Number of protein chains: 6
Amino acid sequence: MEKIDETFMSFDKPYHQADIVYFGAPFDGTASFKKGAFFGPKAIREDSYGLETYSPYQDQDLETDTKVVDVGDLNFSGMGTEEVLDDINEFIEKIINDDKIPLMVGGEHLVSYPVVKALKENYPDLAVIHYDAHMDLRYDYEGDKLSHATVMRRIYESIDSRSIYQFGIRSGTREEFAFSKEKCHTHLFEVTGSEKLLDILRDRPVYITIDLDVLDPGIFSGTGTQEPGGVTFKELLDSIINLDGLNIVGADIVELAPNLDNSGVSTSCACKVVREMAIILSKSRRRRADG
Amino acid sequence: MEKIDETFMSFDKPYHQADIVYFGAPFDGTASFKKGAFFGPKAIREDSYGLETYSPYQDQDLETDTKVVDVGDLNFSGMGTEEVLDDINEFIEKIINDDKIPLMVGGEHLVSYPVVKALKENYPDLAVIHYDAHMDLRYDYEGDKLSHATVMRRIYESIDSRSIYQFGIRSGTREEFAFSKEKCHTHLFEVTGSEKLLDILRDRPVYITIDLDVLDPGIFSGTGTQEPGGVTFKELLDSIINLDGLNIVGADIVELAPNLDNSGVSTSCACKVVREMAIILSKSRRRRADG
Amino acid sequence: MEKIDETFMSFDKPYHQADIVYFGAPFDGTASFKKGAFFGPKAIREDSYGLETYSPYQDQDLETDTKVVDVGDLNFSGMGTEEVLDDINEFIEKIINDDKIPLMVGGEHLVSYPVVKALKENYPDLAVIHYDAHMDLRYDYEGDKLSHATVMRRIYESIDSRSIYQFGIRSGTREEFAFSKEKCHTHLFEVTGSEKLLDILRDRPVYITIDLDVLDPGIFSGTGTQEPGGVTFKELLDSIINLDGLNIVGADIVELAPNLDNSGVSTSCACKVVREMAIILSKSRRRRADG
Amino acid sequence: MEKIDETFMSFDKPYHQADIVYFGAPFDGTASFKKGAFFGPKAIREDSYGLETYSPYQDQDLETDTKVVDVGDLNFSGMGTEEVLDDINEFIEKIINDDKIPLMVGGEHLVSYPVVKALKENYPDLAVIHYDAHMDLRYDYEGDKLSHATVMRRIYESIDSRSIYQFGIRSGTREEFAFSKEKCHTHLFEVTGSEKLLDILRDRPVYITIDLDVLDPGIFSGTGTQEPGGVTFKELLDSIINLDGLNIVGADIVELAPNLDNSGVSTSCACKVVREMAIILSKSRRRRADG
Amino acid sequence: MEKIDETFMSFDKPYHQADIVYFGAPFDGTASFKKGAFFGPKAIREDSYGLETYSPYQDQDLETDTKVVDVGDLNFSGMGTEEVLDDINEFIEKIINDDKIPLMVGGEHLVSYPVVKALKENYPDLAVIHYDAHMDLRYDYEGDKLSHATVMRRIYESIDSRSIYQFGIRSGTREEFAFSKEKCHTHLFEVTGSEKLLDILRDRPVYITIDLDVLDPGIFSGTGTQEPGGVTFKELLDSIINLDGLNIVGADIVELAPNLDNSGVSTSCACKVVREMAIILSKSRRRRADG
Amino acid sequence: MEKIDETFMSFDKPYHQADIVYFGAPFDGTASFKKGAFFGPKAIREDSYGLETYSPYQDQDLETDTKVVDVGDLNFSGMGTEEVLDDINEFIEKIINDDKIPLMVGGEHLVSYPVVKALKENYPDLAVIHYDAHMDLRYDYEGDKLSHATVMRRIYESIDSRSIYQFGIRSGTREEFAFSKEKCHTHLFEVTGSEKLLDILRDRPVYITIDLDVLDPGIFSGTGTQEPGGVTFKELLDSIINLDGLNIVGADIVELAPNLDNSGVSTSCACKVVREMAIILSKSRRRRADG
């Protein structure tokens, strides 16, 4: 862990008392055109102090209703892609062993892969809910099997068939669309209907991965691959709050590249999604504890 | 009054013939993180020349259907916060004495307070319609009772109980949400339903204060405290045009910080809201004159 | 034709095999306040490589389902406005003679005029579908009859009466609104309802001109005259895809000024509209060939 | 002449009393890569109000020691390159006929050509002093004989041989360097030594053309073709003040593209050069009047 | 004092052990065109961590060779100009009473005035060394006697005649230049020759005020009134290091507006000047202690 | 090698005919604060087309007087730091085996290390000339021995003692300054005096590494660690042209982060240094061939 100057607002519980472990995965090594997801975790922490701790959407307050520890960023200094993924995998295993829930901010989307792999070890029945503008289902990308454009294919391979539930997808190759139609549950263009998963996934452990480019670039331009025609912030918020009730065992929020949005709005969005997700994870955890 | 180089487009009637007095209140003294509301009035004037004088939304034209005088900006040079508020208060009293309606552009939201105070003297039954992303109902903010974050609380104290009607609010402390629930009429998250006020406030003088950050930061990023999940420009426009029919005795449009939005879109929004509001005020005034 | 470094992605068929001719008209000579439409064609080409060739909206792929040739940009070096328009007119005549369909990217809106004039020669019954924030129906603008603000009036004069179908208009003078009411078919503020044109224009050749400022400036700020209250990207996409089924004999996409939007989102929007429009034109052409 | 909102600070003498006519030539039609000289005149006027009227370098004050009229910008609306040049030429003839001295701001460098041509008619012995990073001595540029890259060649052809005195040149083709060596008087890289011209050009009428990109792009980045290794602002100022004493019959300052420098420093430089040049022209004119 | 998140790098000695007190005066209330000096102190602190603690120019290290405490920023919340100045004055009196040396960062230049006034009480023979692009010697500015444009006049009135030594001045009114010639010691345009002050001011207590706009805007564009033709960073550094040997009883560094320079270079300059000045003050203090 | 769209202007000789191999090393993996050297090679290639092929400084033309092949960028996809360095090392060995001279553009400074190591194998007597603002002589940096801040220490260890000749250094720790004083030949602050190396290094093979941050950030702000007080572009150009005459066996130009300088000036500087360096290398090679 790198020393950090500050934590995400209110994520200041002692490690042993926390039930959620928040950390950053500042890796954007497979991006090559517009980069900057490396800077995501730092920007989110700094900007979090402009946010209220209270969520009127869920009537919960980070101060009083969550127990999250921000342990800082993983340090990938000098590492190649595989080493980075191993490092994340190992860190998640530790979190699971400590009986805590991981909440990760990227970094590029590839960092989701080792998290799912580690969780799958513990939760064989794991399902994955995937918000994204892009399929990310390529078998390889420019020859690489480990890429932001292949991450969901790798995740697909590591969990049970037809256990990926996609929302908001609006871009990919014809092959990816055919693949997803056959092998995933895909809601194109929109993020509505997520409340149906409460039934469908009722008995399964669930991982949520949110590539923030699912948002329309009018509100979220700070990302490497802008895709017009996305959803509004309200729609995304509604959709993920609808997931409250599931047994969520981990989540991530990826692909903020704050340097690509001078207005700062993209980072504001990311912060607010982190707040709401921390609350959802906390409620899920409490239910499990209470149950 | 400071000398001004130009006026807002078409707000060029002689003072004695005008029924609406447009002026700027370039004050952002209680902001400390992202500032710039000081520059709002100047930016709005300059940009107004890119706007048509005709509103297809209301089928009215600033040239032929309104009588507004732009008297420039109040000069707060050298003043502390209390002096600034006194200065505005005094200026509003003069406008009221001259039997005209004030239309103010800020500046930070705190400038609304002295306007309401002055109007309340004349209209004891005054109600306030409040568009905002934020409650602004704190009792104090970092020890200060006079702050952009406390302005609605001060306004609350200066008018009759339960006379504030809020729209679009999506951020605040748990205490502010509790306070508003008990003491105000609050429409969270949305600005729909304003047409119902035509009945509710039929017999009362009404002041309208629009903190432009009620808009989603996707369209309005030029403000100090961006809050994703806001309303669209169309929704805001519809909502305020729905207020046409009320007895409106004053209005303000605050919190544009043009320096924080390089694209210029935020200023375009502010200009268009000023145009529509000037038309609404003019129609209200004509009804009063005719009635 | 100027030498071009690259073509729009997949618009690489040989001229004689192509049925659609894509070209740029880099002219912004009548703009005087915020300029930059000159740079539109170049920006669109460069950015097109970030786009997928496959459209999930229409389930078509540029690679396999279209035959488009990008012939580069017309070279207006040294020319005045009239010469530019003549040059475009002549080029369109050649395209028509070669039995191909023109797909033009601007440049400012005035470049649409010579295209319509040339097509009208060949298709006497031509109708024009017009997406725009602005009427563009002035008789003259600051004394000029040839201007981005008069282009639809010139087009009106060159085709049969009441053959213009407008969508999304939200700005103009009172005179323009009166004119359009009497002489055009105008859908104010929204772009919904375009599917009705399938019936209305069933037997007529149709030209489509899209001034991208019909989009809300929250998503499309890179244009000279921003007009808040526009439509979303999804709404525009839906509206133009609804036109699939018409006999479309040409189209243009104008008024992207990429230099006015640092975020790059405006150019992303333009690219995606080009892709969808190329597919619609291709389907129209195939129907004609098959029919 | 277009209506202008404001004049350059203190250039407010009535036309008939002025001895110097200041005007803008907003033309950048032959530029194709990074444009923006069109916006130069407007930016200079607006920014001039941040400048003092007093020059400590020459101990003169624009208010009391110069008689300049700002007549606004020439209106090239709708014109091709040749028409623009004719228009400028004609305007200069009028200024000469009125016995006044032209001081022009560009616009791209090509606008200097018609000024020199007009002056040459009146002053057959005209010499030209040329500050620039670039030779601008190509015979043609991409086939065009009228281009920002050929302007000095056209000027060369229009005046007597070896009557061009160049300073600060640091870029061009091998052919241009050979041409200048044989046919011009060229000071490469530096602007020192201009004081020697007081002797050399003592008896001749002199025109001064300053392409501001002679300055290092560290201080002047707002121009289409940045060329590192330029001179400092002090060096340029010294060099042109050294010309005081010559019989200067006209001058221009070109190639400011204010949109390419967000910091505003380039425009500040241009304003200060305008001030100093107006003073030099005024002194030259007074000497002539007194002589 | 406001709570601060961090201190300027290495300015972390306990107050009672420090001999230099570093603090911020975030006030830009009299500026009205381009503002931002309010943000100076915060930007300097944050950026200081990119600086080495060791100065190769003076072969001293902040860690080992200085004893500075950063006490944060004065809190001017709600205050008018006079109150702000009184607040600074009072704070300086406390520093003097505690036998420490003040090192202030602005803020606009007006904040220097109350510092000099307080020091003058203690050091009746105080001389002031003034680096600036501007005279700042107006009697009043738009009617105000307390302004960034009048600060040196107020300082002049508060100390003995001809005790101001100016460097780098290149802008002002004719009256200011006349005043300075008669009443100050002024080195126009350049900052060379400061070493002569070692003799001239040998026996006097000295205050140094550095308006960073003395630097050329090519290196320092982040300030409200850019004035081309300034000195290089090296020249300024040499000039102030030449003052080492004087009995310096206080210093300030003002007019950084970090928001006006996106490149960040202006803040880098300010940080380095702070480092060198802290070392100079420390050496002066040690000499006094040793002497 | 990755596919490249274009080559650096005129670096288009076939590999087997070239005597200089130009390539990019897009690596910035050890930077963590302000990144972007990854984008250096691409930006330099694109911008090179704005440069003349003719150098008036050396009277040579890239077209006719050099034989350079641009082989594109090394592809470090997925690699950790050590792998990247090995990859570069191996590539340089191939260049040496093919009897060609490497000219590399970075990327961060660490990429120089494997080049020097490979050359040292072939030229046991290798000396290194080092332009930089920073010592880069730390033994480790935050625990890493392989870092942009340690690269010259690693280079020091890999060649003979006292074979590093430094210019322009103005930042580092006290320890680094002590180390360089004892073990290197260091010219602080300035880049003058390089012509003396013609004698000193007459009989030795020489490598030149230019960290462009040796330039003042006024002209070169596009780099991760800005250090005010640097040299001008002219001074750097003079200094490296003075090295013409040495037996230069390789060179690099590193640390351009084009994303950090919106004005584009930094990239213009880099391009011009590449041009001049290619000419110097070509002349050195010709002398060797002729000798």
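Labels below follow one simple rule: chain letters A, B, ... track the order of the sequence lines, proteins then strands, and each chain is numbered from 1. None of the values given here were measured: they were computed from a predicted structure.
When side chains are defined from C-beta on, A:Lys272 does not count as touching B:Gln226, because their heavy atoms never get closer than 4.5 Å. In this structure, the side chains of B:Phe189 and A:Pro56 come closer than 4.5 Å at one or more pairs of heavy atoms.
With a 4.5 Å cut-off on non-hydrogen atoms, B:Asp216 touches chain A through its side chain but not through its backbone. A:Tyr57 touches chain B through backbone and side chain together, each having a heavy atom under 4.5 Å away. A:Thr64 touches chain B through its side chain: at least one heavy atom from C-beta onward sits under 4.5 Å away, while N, CA, C and O do not.
Considering all non-hydrogen atoms of both residues, A:Ile219 and B:Gly218 come closest at CD1-N, 3.4 Å.
Among A:Leu51, A:Asp59, A:Thr232, the residue making the largest number of heavy-atom pairs under 4.5 Å with chain B is A:Asp59. Of the residues considered (B:Pro217, B:Pro228, B:Ser263), B:Pro228 shows the highest number of contacts with chain A, using heavy-atom pairs under 4.5 Å.
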Run the side chain to side chain contact (heavy atoms under 4.5 Å, CB included) check on A:Glu52 and B:Glu227 step by step: do they pass?
-> CA-CA 10 Å; A:Glu52 297 286 347; B:Glu227 195 69 42; 5.8 Å; no
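Heavy-atom contacts from other residues, nucleotides or ligands closer than 6.0 Å to NZ of A:Lys283 number more than 12. Open room surrounds NZ on A:Lys42; 12 or fewer heavy atoms of other groups in view lie less than 6.0 Å from it. Other residues, nucleotides and ligands place no more than 12 heavy atoms under 6.0 Å from the CD atom of B:Glu82. Counting heavy atoms of neighbouring residues, nucleotides and ligands inside a 6.0 Å radius, atom OH of B:Tyr139 does not exceed 12 of them.
Using a 4.5 Å cut-off between non-hydrogen atoms, the part of residues 157-175 of chain B that approaches chain A consists of B:Arg170, B:Ser171, B:Gly172, B:Thr173, B:Arg174.
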